[in-house]
4 protein chains.
Amino acid sequence: MGRAKTIDEVQLFQETEKLILESGYAGFHFKALSERLGVARSTIYNYYSKKEELITAFMVHLLEQVVENMDRASRSDDPVHALIQLWGRYANIHQMMQVMPYIDKEASPKVQKSVEAMFQLLQKMRSKIKDILIEEQQHGSVRDDVPLDTLAGFVMSAVQIPYRHQSEEEWAEEVYKLIRSGLSA
Amino acid sequence: MGRAKTIDEVQLFQETEKLILESGYAGFHFKALSERLGVARSTIYNYYSKKEELITAFMVHLLEQVVENMDRASRSDDPVHALIQLWGRYANIHQMMQVMPYIDKEASPKVQKSVEAMFQLLQKMRSKIKDILIEEQQHGSVRDDVPLDTLAGFVMSAVQIPYRHQSEEEWAEEVYKLIRSGLSA
Amino acid sequence: MGRAKTIDEVQLFQETEKLILESGYAGFHFKALSERLGVARSTIYNYYSKKEELITAFMVHLLEQVVENMDRASRSDDPVHALIQLWGRYANIHQMMQVMPYIDKEASPKVQKSVEAMFQLLQKMRSKIKDILIEEQQHGSVRDDVPLDTLAGFVMSAVQIPYRHQSEEEWAEEVYKLIRSGLSA
Amino acid sequence: MGRAKTIDEVQLFQETEKLILESGYAGFHFKALSERLGVARSTIYNYYSKKEELITAFMVHLLEQVVENMDRASRSDDPVHALIQLWGRYANIHQMMQVMPYIDKEASPKVQKSVEAMFQLLQKMRSKIKDILIEEQQHGSVRDDVPLDTLAGFVMSAVQIPYRHQSEEEWAEEVYKLIRSGLSA
DNA sequence: CATGAATGAGGCTTCATTCAT
DNA sequence: GATGAATGAAGCCTCATTCAT
C-alpha cells in the first residue's frame with residue numbers, strides 16, 4: 001500500500017547534520033536539504049512539518065546517542081579517558097549545540113517537547129560527568145581544590161580542541177594527557 | 001535639540017556586539033540594529049554599505065584589541081596566566097568567531113579585505129600562543145610530549161569553560177590551575 | 001474486523017456540511033475532511049476527483065431537499081408560514097450559498113453541470129416564493145404596492161434573522177409575525 | 001525627507017473592500033491587492049505587517065462609519081426609516097461581516113485589538129437599534145409582543161434584501177414599508 | 001548626512017492533486 | 001477501491017538594499 005519511500009529518517013538526519021555543520025542554523029533550509037536529498041521541498045514537510053521540528057528531533061537523537069555512550073564510558077576502567085575518546089567521536093555535538101539559542105522554542109508543541117528533552121539530556125550529561133569526577137575525587141585521583149562545576153566545564157570544553165593533523169585516537173590521547181595533568185612538564 | 005541624530009561609531013560597534021551575542025548571525029539585522037540605535041535603517045548604509053562590511057569591520061576591531069592585549073600578556077611574568085585572564089575578559093570572542101563561517105566572504109571587496117585581516121589576526125593569536133608555549137617549554141615549565149598545536153588548542157579551548165557562579169577573577173584562577181596541572185589531585 | 005474502511009456517501013455529505021459551516025470555503029480542505037472521516041486523503045479522490053465537484057454535488061443535494069420541502073410548504077394552508085418554518089429548519093442554506101461565489105466554476109465539466117443545476121434550483125426556489133406571494137396577492141392577503149422581487153427578497157432575508165434564545169418553533173412564530181405585519185404595533 | 005508615498009491608506013482600504021467583496025476572505029491576498037494598487041507585494045507590508053491586520057483595521061474603520069451614521073439616524077424624525085436608508089448605503093457591511101469567522105484572531109496583538117474593537121462596535125450597533133425600538137415601543141408605534149432581540153434581528157436582516165432593479169432610494173422605501181407593516185395588504 | 005518609501009529575492013508552509021502499490 | 005508517498009503551485013512573510021527627497 002502506498003508507494004515506496006524515497007527517503008528515510010536516517011538519510012534525513014544524516015543530511016541535516018551535514019547541512020547544519022556546514023552552514024549553521026541560518027543556512028539550514030528545507031530548500032537546501034531537499035536538493036541534497038533529491039526530493040521536492042514539500043516532501044520533507046510530510047516528515048517534519050516545521051524546520052524546527054526536524055532540527056530539534058535530530059538533536060535529541062544525537063544527544064541520546066551520546067548519553068548512552070556516556071553510560072558505557074562511566075563503567076570503564078578510566079572513565080575520564082573514555083569520555084575524552086567519546087568527545088573525539090562526537091566532536092560535532094558542541095557545534096550542534098551552539099545552534100540551540102537560535103531555535104524558536106515556541107514554534108510548535110513538538111518543538112517544545114524536543115527542546116525540553118534536550119535540556120534534560122544535557123542535564124544528564126553534566127551530572128554524569130560530575131558523578132565520574134566525584135567518584136575519582138573519592139579515590140584521590142581528581143583534585144578537589146577547584147569547584148566541581150568548573151572541573152566539569154573543563155572536561156566538556158575539551159570537545160572544542162580542534163583536530164590538527166591527528167587521527168581521532170591520537171587526538172584523544174593527547175587531549176587526555178592535557179586534561180589529566182595540564183600543561184606542566 | 002531636535003537636530004538630526006547622528007550615528008556614533010562607538011555605539012554602532014557596541015550594539016553590533018550585543019546584538020550578535022544575543023542573537024547570533026541569523027538574528028543580526030540592520031532592522032534590529034537601527035531600532036536599537038534609534039535611527040532609520042537606511043542611515044546605517046551611509047556608514048557601511050553592506051551587512052557583512054559592518055560585521056567584519058567590527059570583528060577586525062575586536063580581534064585587534066585582543067591581539068594588542070596578548071602582546072602585553074606575553075611580556076608578563078606568567079604569560080599563560082595572563083592569557084587565561086585575558087580569556088576571562090574576552091569570553092565572547094569565541095562566540096563571535098563562530099559567526100565567521102556564515103559570512104559571505106565575496107560580498108564586497110571591503111569584506112574580502114576585512115576577512116583577510118581577520119585571518120591574519122587569528123594567525124597572529126595562534127602564533128603568539130605558540131611562542132609563549134615554546135618559551136615555557138625551553139624553561140621546562142611546559143611539557144613537550146604533546147604537539148604544539150594541540151597544546152595551543154588546549155589553551156584556546158579554555159575560553160569555552162562557562163562562568164558558573166564566580167567572578168571573572170575566580171574563574172581565571174580556577175581555570176588557570178586546571179590548564180597548568182590538569183584534573184589530577 | 002479490520003477490513004479497509006469504505007467511505008459512506010451519507011457521512012461524506014454530513015461532514016462536508018459541518019466543515020463548510022464551521023470553516024467556510026477557505027477552511028474546507030480534503031485534508032480536514034479525510035481526518036474527520038478517518039480515511040486517507042487520497043481516498044476521497046476515488047469518489048470526487050476535485051474539491052469543487054464534491055462541494056457542488058453536496059450543494060445540489062441540499063437545494064434539492066429544500067425545493068422538495070418548498071413544494072410541500074406551498075400546498076399547506078398558510079404557505080408563508082410554512083416557508084418561515086422551513087427557514088427555521090434550513091437556517092444554514094443561506095450560509096452555504098455564500099460559498100458559491102468562490103467556487104471555480106470552470107474547474108471541470110462535472111462542476112459546471114452541478115453549478116448549472118444549482119442555479120436552476122435557486123431559480124425554482126425564487127419562483128416558488130413568488131408563486132406563493134402572487135397567489136396570496138390575489139386573495140388580498142399580501143400587499144401589491146411593493147414589487148414582487150422585493151417581497152420575495154424580504155421573505156428570503158428572514159432566514160438571516162439569528163436564533164436568540166428560542167426554540168426553532170418559537171423563532172418561526174416570532175419571525176412569521178414580523179414578516180406578516182411588520183414592526184407596527 | 002524620504003520619498004513621496006505612492007499609495008495611501010484611503011486607497012488601500014478602497015481596494016481592500018473591493019477585493020473582499022469580489023473574492024471573499026479566501027481570495028484576498030496581498031498579491032492580488034498589490035497588483036491592483038500597482039505596487040510590489042512587500043510594499044503593503046510596510047503598512048500592515050499581516051493580512052489580518054489590514055482586513056480587521058479596515059473593518060473597524062467601516063463599522064465606525066456606520067455607527068457614527070447610526071447616531072445621526074437615531075436623532076431623526078423616523079429613526080427606523082433612517083436606519084433602513086443607512087442599510088441602503090452600506091449594503092456591503094453584512095457581507096463584510098461574514099468574513100469575520102474566518103479571521104485568525106490570534107494572528108497578532110494588533111489583530112486582537114481590532115477584533116475586540118469590532119465586537120464592541122457591533123455591540124453598539126445592536127444596542128442602538130434596540131434603543132430606537134424601545135423608544136418607539138413607548139410611543140406605541142412598535143409592537144411589543146415579540147422579543148426585542150428578534151425585532152432587532154429583523155431590522156438588521158433587512159440589509160440582506162438584495163437590490164433588484166431599483167435605485168438605492170427606491171430600495172429603501174420599499175424595504176421600509178415591509179419592515180413597518182410586513183407583507184399584509 | 002538622515003530619512004521614509006519601495007522593492008526583490010529568498011525562505012516558510014499548506015494544500016490539491018497525482019502516482020504506484 | 002484504499003492508501004501512503006511525492007510533488008508543484010500558490011500564498012505568506014522578512015529582510016537587505018536602493019531611491020528620491
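Residue numbers begin at 1 in each chain, while the letters A, B, ... track the order of the sequences.
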Participant: Pull out every residue in residues 39-48 of chain A that has a heavy atom closer than 4.0 Å to any atom of DNA chain E, ordered by number, or say none.
Facilitator: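 Only A:Arg41, A:Ser42, A:Tyr45 qualify.
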
Participant: Considering only heavy atoms, which members of residues 50-62 of chain A lie under 4.0 Å from some atom of DNA chain E?
Facilitator: A:Lys50, A:Lys51

Participant: Between E:dA5 atom C1' and B:Lys31 atom NZ, what is the distance in whole Å?
Facilitator: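 Whole-Å distance recorded here is 15 Å.
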
Participant: Taking all atoms of both residues into account, what is the closest heavy-atom pair of C:Ser114 and C:Ala57, and its distance?
Facilitator: OG-N, 4.2 Å

Participant: Taking atom types as modelled and ignoring hydrogens, do the side chains of B:Tyr90 and B:Gln65 form a donor-acceptor contact shorter than 3.5 angstrom?
Facilitator: yes

Participant: Roughly, in whole Å, what's the span from CZ in C:Phe30 to C1' in E:dT18?
Facilitator: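 These atoms are roughly 14 Å apart.
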
Participant: Between F:dA16 atom C1' and B:Leu19 atom CG, what is the distance in whole Å?
Facilitator: 15 Å

Participant: State which of F:dG4, E:dC12, E:dA16 makes the closest approach to the side chain of A:His29.
Facilitator: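 Of the candidates, E:dC12 comes closest.
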
Participant: Just how far, in rounded Å, is P of F:dG8 from CD of A:Glu35?
Facilitator: 12 Å

Participant: Find the distance between CD (D:Gln95) and CG (D:Leu21) and round it off to the nearest 0.5 Å.
Facilitator: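 Nearest 0.5 Å value for the CD-CG distance: 5.0 Å.
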
Participant: Could you tell me if B:Asp8 and B:Gln14 have a donor-acceptor pair between their side chains, going purely by distance under 3.5 Å?
Facilitator: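 Short answer, no.
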
Participant: Hey, are D:Glu52 and D:Ser108 close enough side-chain-wise for a donor-acceptor pair under 3.5 Å?
Facilitator: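 D:Glu52 and D:Ser108 do not have a side-chain donor-acceptor pair below 3.5 Å.
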
Participant: Just the rounded figure in Å: distance from P of F:dG11 to CG of D:Asp104.
Facilitator: 19 Å

Participant: Using atom CG of A:Leu12 as one end and atom P of F:dA5 as the other, report the distance to the nearest whole Å.
Facilitator: 13 Å

Participant: Is the shortest distance from a Lys or Arg side-chain nitrogen in B:Arg36 or B:Glu22 to a carboxylate oxygen in the other one below 4.0 Å?
Facilitator: yes

Participant: Report yes if the side chains of D:Val60 and D:Glu64 come closer than 4.5 Å at any heavy-atom pair, otherwise no.
Facilitator: yes

Participant: Under 30°, 30 to 60°, or over 60°: which ring-plane class applies to C:Tyr45 and C:Phe30, parallel, tilted or perpendicular?
Facilitator: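 Plane angle over 60°, so perpendicular.
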
Participant: Note down the inter-axis angle between the two ends of the helix from E:dA2-F:dT21 to E:dT21-F:dA2, five pairs each, to the nearest 10°.
Facilitator: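 What I find for the helix from E:dA2-F:dT21 to E:dT21-F:dA2 is an axis angle of 20°.
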
Participant: E:dC12 C1' sits how many Å from A:Phe28 CZ, rounded?
Facilitator: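 From A:Phe28 CZ to E:dC12 C1': 12 Å.
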
Participant: CD of A:Glu9 versus C1' of F:dA5: gap in Å, rounded?
Facilitator: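 Taking atom C1' of F:dA5 as the reference, CD of A:Glu9 is at 15 Å.
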
Participant: For the atom pair CE (B:Met118) and CE (B:Met100), what is the distance rounded to the nearest 0.5 Å?
Facilitator: 3.5 Å

Participant: Hey, is B:Glu15 close enough to B:Lys18 for a salt bridge, meaning N to O under 4.0 Å?
Facilitator: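 The answer is yes: the pair qualifies as a salt bridge.
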
Participant: Quick one: CE on A:Met97 to CG on A:Leu121, what's the gap to the nearest 0.5 Å?
Facilitator: 9.0 Å

